[in-house]
Amino acid sequence: MNLNLRDKVIIVTGGSKGIGLGIVKTLIQEKAIPVMISRNEQSLLDVVNTHKLKGVNLTYAVTELTDDEQCKAAVLEVIKKYGRIDGLVNNAGVNDGIGLEGGNYENFIQSLKRNLAHYYSMAHYVLPELKKSKGAIVNIGSKTSVTGQGGTSGYAAANGGRNALTREWALELLPYGIRVNAVIVAECYTPLYEKWIQTFDNPEKKLKDITQKIPLENRMTTIEEIGDTVAFLLSNRSSHTTGQLIFVDGGYTHLDRAL
């Protein structure tokens with residue numbers, strides 16, 4: 001499907017791994033110009049070099065997203081290079097296990113910085129360009145915002161904030177024709193998910209127990225499926241969709257898993 005994203009400049013935070021990389025790959029297929037933002041320079045270079053062999057030149061900015069000034073600098077770098085920004089995908093974050101009983105105030109606030117504050121920073125700094133291009137914002141969120149998980153107060157609170165900001169921004173930006181939506185992820189097998197699974201005594205059994213509870217086809221969501229949905233929401237094919245929380249999770253969050 002042609003999503004009319006050719007030559008559209010799209011910033012993707014955390015774009016060199018996991019879900020972010022799935023989004024970048026879809027954008028490449030749609031002939032867009034994804035710009036990866038991450039603090040991990042090696043992972044950025046790995047993606048750049050892999051795609052260079054395929055004749056695709058990717059742009060990136062090494063950025064510590066918890067630093068507001070670095071967020072601003074990354075956006076200005078993209079504007080300097082391309083002269084425009086057509087979309088933003090806020091994706092970077094980590095389920096860092098900052099719980100209520102075992103955590104503390106300082107770590108809780110740090111978790112909000114890792115997982116929520118840069119969503120605001122990036123949107124704030126790209127906004128002038130999105131007003132010119134009538135671009136779109138897609139925030140990546142997690143089921144923990146509506147289901148809870150236990151032992152992850154910081155991450156759950158941050159994802160609740162992502163949901164709220166999605167609707168707040170959708171409303172605030174209506175006069176500019178800027179659409180804002182969120183894709184909510186449940187069980188998607190990424191390097192971070194793999195790391196978490198390996199913390200259990202029997203990782204294979206734990207993974208099987210989880211996938212058996214995913215209603216649609218008893219399997220994990222793929223990063224490509226997330227990427228395809230994000231690309232659709234960035235495109236004018238979804239031109240009358242804004243303020244929506246779209247669950248791409250095989251029915252995991254809302255369908256009766258007792259079935």
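Quick note: numbers below take in every heavy atom, side chains included, and nothing from hydrogens, waters or symmetry partners.
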Grab the two heavy atoms, one from H118 and one from A92, that are nearest each other, plus how far apart they are. CE1-O, 3.1 Å
Is it the case that one hydrophobic cluster holds both V48 and I28, taking links as side-chain heavy atoms less than 4.5 Å apart, direct or via other members? yes
With a 4.5 Å limit on heavy-atom distance, are the side chains of K206 and I210 in contact? yes
Min side-chain heavy-atom separation T211-E187 under 4.5 Å: no
Interatomic distance, K54 atom NZ to N49 atom CG [nearest 0.5 angstrom]: 12.0 Å
Closer than 3.5 angstrom, by distance alone: can the side chain of T199 be matched with the main-chain N or O of K195 as a donor-acceptor pair? no
Step through the shown structure and confirm whether more than 12 heavy atoms of other residues, nucleotides or ligands are within 6.0 Å of CD on E204. no
On a heavy-atom basis, the closest approach of Y119 and I140 is OH-O, 2.8 Å
Could you go through the side chain to side chain contact (heavy atoms under 4.5 Å, CB included) check for L173 and L127 one step at a time? CA-CA 9 Å; L173 302 181; L127 182 55; 3.7 Å; yes
Side chain of T221, backbone of C188: donor and acceptor closer than 3.5 Å? no
Which residue is it: N159, T152, T144? I am looking for the one with a side-chain hydrogen bond (donor to acceptor under 3.5 Å, both in side chains) to N95. T152
For the OG1 atom of T166 and the CG atom of L171, what is their distance to the nearest 0.5 Å? 12.5 Å
Counting only heavy atoms not in Q212 (residues, nucleotides, ligands), do more than 12 fall under 6.0 Å from its CD? yes
Is there a chain of hydrophobic side chains (I, L, V, M, F, W, Y, each step under 4.5 Å between heavy atoms) that links V183 to M122? yes
Considering all heavy atoms of both residues, which atom of N115 and which atom of A158 are nearest to each other, and what is their separation? CB-CB, 3.5 Å
Could you walk me through whether K52 and N57 pass the side chain to side chain contact (heavy atoms under 4.5 Å, CB included) test, one step at a time? CA-CA 6 Å; K52 189 176 291 185; N57 290 316; 4.3 Å; yes
Gap separating the CG atom of N139 from the CG atom of L88, nearest 0.5 angstrom: 7.0 Å
Distance (rounded to the nearest 0.5 Å) between I223 CD1 and I226 CD1: 9.5 Å
Can S145 and R162 be counted as having a side-chain donor-acceptor contact under 3.5 angstrom? no
Are I184 and V146 close enough that some pair of their side-chain heavy atoms sits under 4.5 Å apart? no
Does atom CZ of R39 have more than 12 heavy-atom neighbours, drawn from other residues, nucleotides or ligands, at distances under 6.0 Å? no
With a sphere of 6.0 Å drawn around CG of L100, does it hold more than 12 non-hydrogen atoms of other residues, nucleotides or ligands? no
Is there a donor-acceptor pair closer than 3.5 Å between any side-chain N or O of D86 and the backbone N or O of I10? no
Can you check whether L5's main-chain N or O pairs, donor with acceptor, with E30's side chain at less than 3.5 Å? no
Begin from the C-alpha positions of D68 and K72 and carry the test salt bridge (Lys or Arg N to Asp or Glu O under 4.0 Å) through to its verdict. CA-CA 6 Å; D68 180 70; K72 180 179 181 180; over 6 Å; no
If hydrophobic clusters are built from ILVMFWY residues whose side chains come within less than 4.5 Å, do L245 and I23 share one? no
Do V126 and I11 have side-chain heavy atoms sitting under 4.5 Å apart? yes
Distance-minimising heavy-atom pair for G243 and N181: N-OD1, 3.2 Å
Same cluster or not: F247 versus L216, using hydrophobic residues (I, L, V, M, F, W, Y) connected whenever any side-chain heavy atoms lie under 4.5 Å apart? no
May I ask you to decide if the ring planes of Y120 and W169 are parallel, tilted or perpendicular, using 30° and 60° as cut-offs? tilted
Closest non-hydrogen atoms of A186 and Y252, given as atom of the first, atom of the second and distance, are CB-CD2, 3.9 Å
Could you check whether any side-chain N or O of N91 sits under 3.5 Å from a backbone N or O of G14, counting only pairs where one atom can act as donor and the other as acceptor? yes
What are the two closest non-hydrogen atoms of T63 and Q70, and how far apart are they? CG2-O, 3.5 Å
Do V185 and V248 come close enough that some side-chain heavy atom pair is under 4.5 Å? no
From CD (E64) to CZ (R114), nearest 0.5 Å: 9.5 Å
In terms of hydrophobic clustering (I, L, V, M, F, W, Y; side-chain heavy atoms under 4.5 Å; direct or indirect links), are L65 and I98 co-clustered? no
In terms of side-chain geometry, is the basic nitrogen of E129 or K132 positioned less than 4.0 Å from the acidic oxygen of its partner? yes
Close side-chain approach of M220 to L207, heavy-atom, < 4.5 Å: yes
Apply side chain to side chain contact (heavy atoms under 4.5 Å, CB included) to Y60 and S16, showing your working. CA-CA 9 Å; Y60 67 90; S16 58; over 6 Å; no
Should we count NZ of K143 as having more than 12 external heavy atoms under 6.0 Å? yes
Before you tell me yes or no, could you show the steps for L165 and N90 under side chain to side chain contact (heavy atoms under 4.5 Å, CB included), namely the whole-Å CA-CA distance, both residues' side-chain angles and the distance that decides it to 0.1 Å? CA-CA 11 Å; L165 288 178; N90 277 319; over 6 Å; no
Between D96 and Q110, a side-chain donor and acceptor under 3.5 Å: no
Looking at Y82 and K8, would you say the former's side chain and the latter's main chain have a donor-acceptor pair under 3.5 Å? no
Side chains of I178 and K131: closer than 4.5 Å at any heavy-atom pair? yes
CD1 (I19) and OG1 (T190) are apart, to the nearest 0.5 Å, by 6.0 Å
Among side-chain atoms of N4 and S235, is any donor-acceptor pair under 3.5 angstrom? no
Using the side chain to side chain contact (heavy atoms under 4.5 Å, CB included) rule, pick out the option among T13, V47, T59 that qualifies with M36. V47
Other residues, nucleotides and ligands only: do more than 12 of their heavy atoms fall within 6.0 Å of OH on Y176? no
Counting distance only, does the side-chain N/O of R179 pair as donor-acceptor with the main-chain N or O of T241 below 3.5 Å? yes
